[in-house]
Structures are given as structure tokens and as C-alpha cells.
Amino acid sequence: MTISYRLPDGATLAFDAPATGLDIAERIGKKLAKQALAVRVNGELRDVYLPVPEDAEVEVITRDSDDGLELLRHDAAHVMAEAVQELFPDTQVTIGPTIENGFYYDFHREESFTPEDLEAIEQRMREIVRRNEDIRREVWDRDEAVRFFREQGEEFKAEIIRDLPEDEEVSIYRQGDFLDLCRGPHLPSTGKLGDGFRLTKLAGAYWRGDSSQPQLQRIYGTAWRDRKELKAYLKQVEEAEKRDHRKLGREMELFHQQEEAVGSMFWHPRGWRLRQRLEQYIREKMEKHGYQEVCTPQMMDRSLWERSGHWDKFGDDMFTLCTHDDRELAIKPMNCPGHVQIFKQGLKSYRDLPVRIGEFTTLFRNEAHGALHGLMRARTFGQDDAHIFCTEEQVNEETASFIRMLREVYEAFGFTDISVKFSDRPEVRAGADEVWDRAEASLKQAVESVGLDYTLNPGEGAFYGPKLEFVLRDAIGRDWQCGTLQVDFVLPERLDATYRAEDSSERRPVMLHRAVLGSLERFLGIVIESTAGHLPLWLSPMPVMVATIVNAVDDYAIEVRDRLAAAGVPAELDLRNEKISYKVREHSGKKVPVILVVGEREAAEGKVAMRRLGSKENRELGLDEAIEELARQRQLPL
RNA sequence: GCUCAUGUAGCUCAGUCGGUAGAGCACAUCCUUGGUAAGGAUGAGGUCACCGGUUCAAAUCCGGUCAUGAGCUCCA
């Protein structure tokens, strides 16, 4: 009897009897056998010491591959669990998956872990790696496994086993004296983990991600192939912290926050100019695309929010206040009910559709304390919010043209990597199932008609309708959900919006809720972090600084500033009695995109010396030429 | 809202065993008018987040509150 295994390079290895992954690796080379962490058999990852029973495609997995790294991280989680149980026997283990860059494990324990505990756990992990314990898979009887974990006081594990699908094998991995339920596969021994890991942080997490369930303690770690990769990662994290928008916001004199206004901004002059600039850009963009801007009340009577359904579904997030005559008002968390009121004024004909209504006024949402995060998650913020009232037949074209605009806008900020998620009906929702059927079908058809790839995001729709979510990838590889388009058959019904159709019957319009940037505050935060504060000239709140070398040229510097201003380029003057390097350093630190240096020579020749942020190059050019260039770059990229 | 951590000058941070507060930068004044990321001197600046407790004595120890950070839940 011969069994043959086909390798990725096409070669075939023949054995007389079923060989283990390790045997196969050994046949290929001694070194590979040493490095083997697992094998992929017909596409499925398996433990390296298990026999491969029949002819198969076999690939040996080492730490060099992505799969190998994933295995290392998974094992790091298990080694951590073993370390924790050795040091703190009263701890129950739950689950410990890999995540981007690392892993975590959730534990249940009466006492809290301290940062010192983390160090001790990490030390013990290194010891376990040195012990080089074998990690072996065992298949247990389901009831026996439940009984075992029960006896160990591991109620959470017992619960997981009980909930496993009937036909699934209950595999237990034995690693020294530590046994853990796990699907696997695993490294052959703890020594293979190496020393490229570190425990990073401690946080709370709910059992099964449900806030009504017990709270667990989650320990996060990062794990890499070796110490060098670990160091590179830690360095990268450090760099990312440097571009935190709250830090840059302070350095660039954009905004601040303080205790008395949690979740809101104090916008400083430069910050507000930036925020206004962004708003102006999207306003003009929307005008070009046929939107009309409106302004609706900041607060409206409770009864309207009850009719719209917000009171029920969004009530916890709404701020309310009472008038002297005991009326209860809600401060708007969304514009939709207001826009419906505008649509309803006067009779609308099918000839009027689509009606596109946009608004940028501030919204107020009572976000949970722990969710707040600078500009990224605020309680007061503006949105490039708009609602399109149209017929069912127009949903397609409106969706398509919205997506065109969205792409143009993202491109203006340098975001070209965009993906789409399709979110369908959530559990808590308004409207009958048949209405949802129609809304989902309609939106699905619209995405497909523009040839957009999308992934399904089940149960994540808004309470009034399904939605598309547009996710952009920023310059440092982070994903952000900004744009959204939601189809709504419910609100026009609830708030009784109608139009007169061709056959003179009264019909309900479909309402599309849509935003490209989403929260203007949040979008700014993303742009700031993604550019590390190096904003494009058209957006920058302080695009040009005119800095003098000697006071004798003050008058010329003033002329330069005034002529820039006349050409639509805001500029400030730095006439201080300081060295030019001092001025350059200071304004560069504040991320001013262009510094125009003027000294005796420039003044005499009607020139400026232009220095761009991030470059040491120093261009000397005529004043007219410089103004022309800067004015062009200051134009909104419409 | 939940868990853990943190809160000292405008910013970044020291502050040992509990003995009444320190640096650098920034700021002010004076000197310096200089060529592309820090010129020099002098000075001012703090209810150590807030409230309470222990103590002869609290930035320091204990409790509570608030805020911030990381994560969870939620979400733009």
C-alpha cells in the first residue's frame, strides 16, 4: 500500500503507511521538520503530529507564513491561560481568540488583575515556553467533558461545550497540566512560541459580548515571530500615538475640551475655520448634486418624536427639556423628522421628485460616557445629513448618483480604498416585514446595478430601514465607517408624507437617509490622524505664514500677506524679533503647510522663499507667481 | 452604563519612608535684527482634579465624586 502526498510545488512524496505532518516535513528536510508548526491538509489546518490517513495535498506551515503567525498568537493565548491558572488557581477561563496583531483571553475571577499581575503572568508565560510542554489533542466524550470542567469549577467552559453543535467533536488540548477546550490546531509544543510576545493591557468584557451577562477580565497581548518584529510593532504603536487627533488638535490650536462640557468641543479660531472649511466644501459639493440646504428646529415636541418612532427606539440617546407650561421637548439627535415636515408643506407632485434636502446643523446625542472619544465620538456634532424623497423607481438612480458623489468626495481627501457593507433588518425595528422585504430588495438591486461589491452585515440596519455603509481605509491602514445610505419606507408612513402620482392617486415617497462624511467632527479627526496634521492647502485653517528675517522688511511682509488675502488665501504674519529657524520650527510644529520667508533680498527683488511643510526644500519665486500658485491650490476641490 | 488604569504649572513630566512643590519647553521683561526645525539673561506662574477620612502633619495612605485613557456594550 502506498500513500502519496502532493506538495505545493507539485512534487509528490510516497509513504508505505499514513505519515504524520512531521514525517512529511522530515522527508523534505531536517530544518523544515524543526520549523513545522502545523500542516494544511486539503486546505484544512491540522496538528503536525497527527497522521494524514490518505492521499492528500499537504503543505507544511512554518512561522514565516500568515497562518503560522496566527497559530503563534493563538498559542500565546493558551500559554497565557495556563500561566494565569498556575498563578491564580481561582480563575475560570473562557475564550481566547487571536485578533489583529495579537490575542486576548477572557477570565472570570472575583479579584481584579493588576498591572503587576500582568508582569508576573508574562514572566510565567516565558517559563512555560522554556518548559517546552507538549501540546496534544484529545477527543473527549461530550458529557464527560462537561462533567470534568464542572468539577474543575469551570462553568463557562462547561457552558461552551454544552452549546457546541451535536455533530462537533469535543477536542481538548493538553498542555502540561493545563487542559483547554479548543478546536485547534496548535503548535506541537509551547517552546515553539518563542519570545516575540508581550501582554499589553487589561480591560473588561462581557461574557458572550452581552452587557446583561457577567463581566469578565480580558487580558490583551501582542505576539510576533520574534523579538525584532515585536519591537517594530511597539514602535509603530508609539508612532500612531503621536498622531492622535487630540494631541494634534492642541498643538495645531484647533480645539479643546473640558469637564463642564463633556462630549463637546471648544473650537478655537483655527479649528473653527477648519471645521467651517470642511462644511463649506461639502455644502458646495451637495449643491452641485442637486441638494437644497435647510435648517430645522433644534428642539421639537415629544409628540413628534413619538410619532416618528425615535422616542421608542432612540429615546435613551436623546436629551430632553421641559418648558414652563410642562411641555416636553427633545433636542434633535437626527434631522429626519424635521425634513419630513418640510417635505409635507404644500402638495407634492410626482413631478417634484426627487426632493433632496440637506442640513448641517448640530445634532445632540447622549452617548454613553465610556464611548466618548475626542472628535471621533462626541455628544454634539454636525453631519452632512440629507434626505432624498423619491419614488421606488428612483431609488436605483439616486443610489448610483450618491455613490458617484461619495467617491469624488473621498478622493478629494486621498481616500481611494473604499468598501461597502450591506446591513439588513435588526431585531428592534419599526415597520412590517413585508415593507422590509421591499426595502431590502430595492437597495440590494440599487447596489448591484452600480456594480459595487459588498459584504453582508446581517441584523445591523437602522430601525427604520436597511442601509449601505461605506468604509474607507486611511493612510495608516485603519478602517472607518463614514458614509451611509439608508432606505426608509417606514418614516414617510409614520409621519404621513405623500405625493400625488401620475394617475392622481396619493402615494408614499421612499425616503433615503444619506451622509458622505457622516459626523463632520469625526471625519476631521480621521483626516487629521491620517495626515498626521499635514492637511491639504485647500483645507488647512492657516495655509500660509509670512515670516520675516529682519524687521526692515516688515512693510513688504504686510504687502505679501494682504495680497494673499485678496487672492483668497488666508495668511498670518510673523514679524517677531526671532531668528528665522525659530519661526520655522514653531510654525512647522503647528503644521502650517506653507511658510513664506522674506528677507532683504526678497523684498528688494519682489520675491518670496517658499517652504512646504515636511520638506526642507526652499523655492525662491516671484510674488505674483507664488500668489497664483497658492490661490490655485486653495480652491475647494469640487 | 460596565471593568481596569490615570489626574502635580499652558505643555511634557520628576517628586524617595507622610514633614507644606521641582525641571525642561511655553509665557512676560530686557538684550540680541539674524537666511530656513530651539540666541542669551532675568522673572512670573501651582487650593498637587474635587469632597471627605486617618494623622501632630497628606501631592503622598484610605473612601467617595468628577474627568480622561484603554477595552466592553453602543454607534456617526
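In what follows, chains carry the letters A, B, and so on, assigned in the order in which the sequence lines appear, proteins first and then strands, with residues in each chain numbered from 1.
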Rounded to the nearest angstrom, tell me the gap between atom CD in A/Glu578 and atom P in B/rC30.
13 Å
Using whole Å, what does the distance between atom C1' of nucleotide B/rA5 and atom CD of A/Gln217 come to?
13 Å
Distance, rounded to the nearest Å, where A/Met318 contributes CE and B/rC74 contributes P:
21 Å
Please give, in whole Å, the distance from B/rA37 P to A/Leu613 CG?
13 Å
Does A/Ala609 reach a base, just sugar-phosphate, or nothing at all? Heavy atoms under 4.0 Å.
base
State plainly whether the residues A/Glu469 and A/Lys467 are in salt-bridge range, i.e. N to O under 4.0 Å.
yes
Contacts of A/Gln383 and A/Gln258 projected onto RNA chain B by closest heavy atom; the upstream (5') one is A/Gln258
Under the 6.0 Å and 45° cation-pi test, does A/Arg109 pair with A/Phe113?
yes
Look at the side chain of A/Glu602 and the base of B/rG35, then say whether one donor and one acceptor between them are separated by less than 3.5 Å.
yes
Please say whether the positively charged group of A/Arg73, taken as NZ for Lys or CZ for Arg, lies over the ring of A/Trp224, i.e. under 6.0 angstrom from the six-membered ring centre and within 45 degrees of the axis.
yes
Starting at CG of A/Asn457 and ending at P of B/rC75, how long is that distance when rounded to a whole Å?
11 Å
To the closest 0.5 Å, what do you measure between CD1 (A/Ile549) and CD (A/Glu578)?
14.0 Å
Can you tell me how far C1' of B/rC72 sits from NE2 of A/His373, to the nearest Å?
15 Å
Taken to the nearest whole Å, CG/A/Leu118 to P/B/rG71 is 15 Å
B/rG71 base stacked by A/Tyr220 (centroids within less than 5.5 Å, tilt under 30°)
no
So what does A/Arg250 hit on the nucleic acid, given a heavy-atom distance under 4.0 Å: a base, only sugar-phosphate, or nothing?
sugar-phosphate
Less than 6.0 angstrom separating the ring centers of A/Phe470 and A/Phe402, yes or no?
yes
Between atom CE of A/Met299 and atom CG of A/Leu321, what is the distance when rounded to the nearest 0.5 Å?
6.0 Å
Measure CG/A/Asn335 against C1'/B/rA76 and give the value in whole Å, please.
13 Å
Under 3.5 Å for both distances, Watson-Crick or G-U wobble, that's the pair rule; now give the dot-bracket for RNA chain B, with | marking pairs to another strand and [ ] for crossing ones.
(((((((..((((.....[..)))).(((((.......))))).....(((((..]....))))))))))))....
